[in-house]
Amino acid sequence: MTSLASDEPEIAADSASRSAMARAWLARRRDALVAAEAGRRLLWSPVLLGGGSVAYFAWPVEPPLLPSLLAVCWLGSLALALPRWRGLLWLPLLVVIGFTAAQVERRVVAPPMLERSLSSDLVGRVVDIDRDERGTRLVLDSVSVAALVPPDTVWTVRLWVPPGGEAIAVGDRIEGRGRLMPTSPPLAPGGFDFRRHAFYQGLGAYGYFYGVPEVVAHAPGGFPVESLRRAIDARIAGALGANERSALAVALLTGERGAIPAEVTEAMRASGLGHLLAISGLHLGLVAGFVFFSLRAVLALSPRLCQGMPIKKIAAAAAMLAAFGYLVLVGAPAPTQRAFVMTALVLLAVIVDRQAISLRLIAIAGCVVLLLAPHSVTGPSFQMSFAAVLALVAGFEAATRARRGDGWLMRSAVRRYLVFLLFSSCLASLATLPFAAYHFQRIALFAPVANLIAVPLTATIIMPSGLVALMLMPFGIEALPLAVMGQGIALLVDWARVVADWPDASLLTGGIGDAALLAWVAGFLLLCLLRGRWRFVAGAAPMALAALLIAGRAPPDLLVDEQTGITAFRPAEGEIMVTSPGDGFLTGFWMRWWGEAGVPRAMPLSSFAAGAPARCDGQGCLVRQAGLLLAVPETRAGHVEDCARADIVITRASWRELTPCRALQITAADLARSGSLAIDIDGAGWRLDWARPDGPTRPWHPGYEPEG
């Protein structure tokens, strides 16, 4: 006992020593992590700004602007007055700035949104044209709608014109009778909000003309860019003929994609090459890079110029002008504007002797875009383009730091190029896969392999020959480079078809949900923006959570469309069925949302006794699932009958007040207020999931009325 008692002080001292050593080790690790992340605050700035914008769009109601402005002023004042706390205050400050910027943008855009379909005489000015074999799609601004009160409300609308409107040009003022319809809301709870997208494009309605409208006034003096675009399109068609090669060449050089055959578009998407059809950062970068390296090589031929002038900076300035000209030529769509910001910053860094491509540059470009267009954070273009660029830059930085000398694989320039090409293709494809699954409900499994051939083909043959053709068109000698471009396009399309025909080339994922995407984005950002090996652990945890959320997400049993009331049913076994075939766009989206291929079939004219889980007759449709009966009546008599036996009744008519009903009733008024509906059914009952559970609370919602 005495011996044990005498050892207690030594044991206590030893324990205290180990505790002190552990605390010291943790302190050293903490200081090392802080030192490693020092100076990387800028990299997180666009993340915080984007987080504020996402918070605005996720807000259940439209927030007032004044409290946000006061919060920005208060946090900014604290950051200036308390320099010791500035490192912490910048976090909430940037989030609030992003939130406020989104509010300001909403008030700047604020187009009138059509609430109901109508036919009317329309007068407006053409600002954009997209043509294909089915007709012409026009975007009109300054539109007067005679059937609306007040009739002097100015609208911007997108209208389809039947074949025969080829003479209409941008800038013309046209008049005709047409049908206007509200822009489409989400087709399923959690689905892409087409109406919000149209709101930020400034579009208040879409529709069609009943016939070819009359041109009442031609564009004063014409639109030079549109005239130039038409002339280029005509020269390309004259050199290549009216075929898919010509259509793709026009799309790449002038941005007109309407003439691309649907089969080619589908093959490009299924193979993971759909990004080559949209004018994006790749195309703008190729234009700027071609001009930069070509001009620099030409100037370098003169020793006098090399010694007396900064030819690298001259080439960068010329490349910036070329990129801007290409931006104007293709119509300056929003994705291309963002790509130009990034390209211009890269070239500006070259001019001022800074590192041209780095994570800091990506952060600056992200901040610029998010402050100018906060709504872009919710769109696939912004998400996929910045994810790909971030993955490429972060991946190559990490690979450069980890590489220890050059092994056999890296000693040859050809092998090194192939390794870098495969590495970059895999990085970009993996970085964009979750966004493709979220927005399009499918992913191209062989995209890295497809891009391994397609991107070099586009970068070395298709785009350079196209740019040479543009430069030679004023002299009328563009036929040869256009022929080379056409051959490159033919190879590209053939390769896309080959990859698209591989088994399981395009995998349908179904809707993955907001929570899964946010978790994956959190892990992706931690993996790319942090330093040290611990970032792999920090990034893997949210990514694993995203995988669990995707794997555990159960698709709904029924979907109900807001505008048409069409109901789709997903039985426990068998094909997906709909009460009415509806339009292909709606049913196609529903099939992808459920992760199913093909098209749904109409509910059969049969009885439950025949074993069908759903049936229709002259009175309406019935669905039985997990012991519950759901009815979609089409007549008043069917509604009376269904109310006596069904558990849920979905009807587009106003029979609720006229018929006593034991069932839960969902009417057109409910759908108009709360949007599309998903229903989950199990043995214990059902759960309703509305697209707008709180009603029309945002400016782009149908029926929204601002307070005050």
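- Ring geometry for Tyr56 versus Phe99: interplanar angle over 60°, hence perpendicular rather than tilted (30 to 60°).
- Note: Tyr438 and Trp520 fail the aromatic proximity criterion, with ring centroids not under 6.0 Å apart.
- Under 3.5 Å, the side chains of His639 and Gln665 contain a donor-acceptor pair of N or O atoms.
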### Message
Test side-chain contact (heavy atoms from CB on, under 4.5 Å) on Arg692 and Arg698; report intermediate values, then the result.
### Response
CA-CA 10 Å; Arg692 298 187 299 273; Arg698 308 309 294 270; over 6 Å; no
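- Taking the six-membered ring for Trp and thresholds of 30 and 60 degrees, Phe57 and Tyr200 have ring planes more than 60 degrees apart, a perpendicular arrangement.
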Show me the donor-acceptor pairs within less than 3.5 Å that the side chains of residues 537-545 make with the rest of the protein, sequence neighbours left out.
none

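- Both tests do not hold together for Arg624 against Phe569: distance to the six-membered ring centre under 6.0 Å, angle to the ring axis within 45°.
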### Task
With ring-ring contact (aromatic ring centres under 6.0 Å, His included) as the test, would you mind laying out the steps for Phe435 and Phe524 before giving the verdict?
CA-CA 12 Å; Phe435 300 105; Phe524 174 72; 7.3 Å; no
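- Proximity of Leu114 to Thr183: side-chain heavy atoms (C-beta onward) are nowhere separated by under 4.5 Å.
- With sequence neighbours left out, Phe382 forms a side chain to side chain contact (heavy atoms under 4.5 Å, CB included) with Arg338, Val369, Leu370, Ser376, Val377, Phe386.
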### Evaluation steps, side-chain contact (heavy atoms from CB on, under 4.5 Å), between Leu558 and Ile650
CA-CA 11 Å; Leu558 292 105; Ile650 301 173; 5.6 Å; no
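- The line from CD1 of Ile648 to CG of Asp642 is 12.5 Å long, rounded to the nearest 0.5 Å.
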### Task
Would you sort out whether Ser429 and Asn451 count as a side-chain contact (heavy atoms from CB on, under 4.5 Å), showing the intermediate values?
CA-CA 9 Å; Ser429 299; Asn451 282 282; 4.2 Å; yes
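- Between the side chain of Arg158 and the backbone N or O of Leu203, no donor-acceptor pair lies under 3.5 Å.
- For the side-chain contact (heavy atoms from CB on, under 4.5 Å) criterion with Thr265, the lone passing option out of Arg269, Glu263, Met268 is Arg269.
- A parallel orientation is assigned to the rings of Trp593 and Phe589, their planes being inclined by less than 30° (bins at 30° and 60°).
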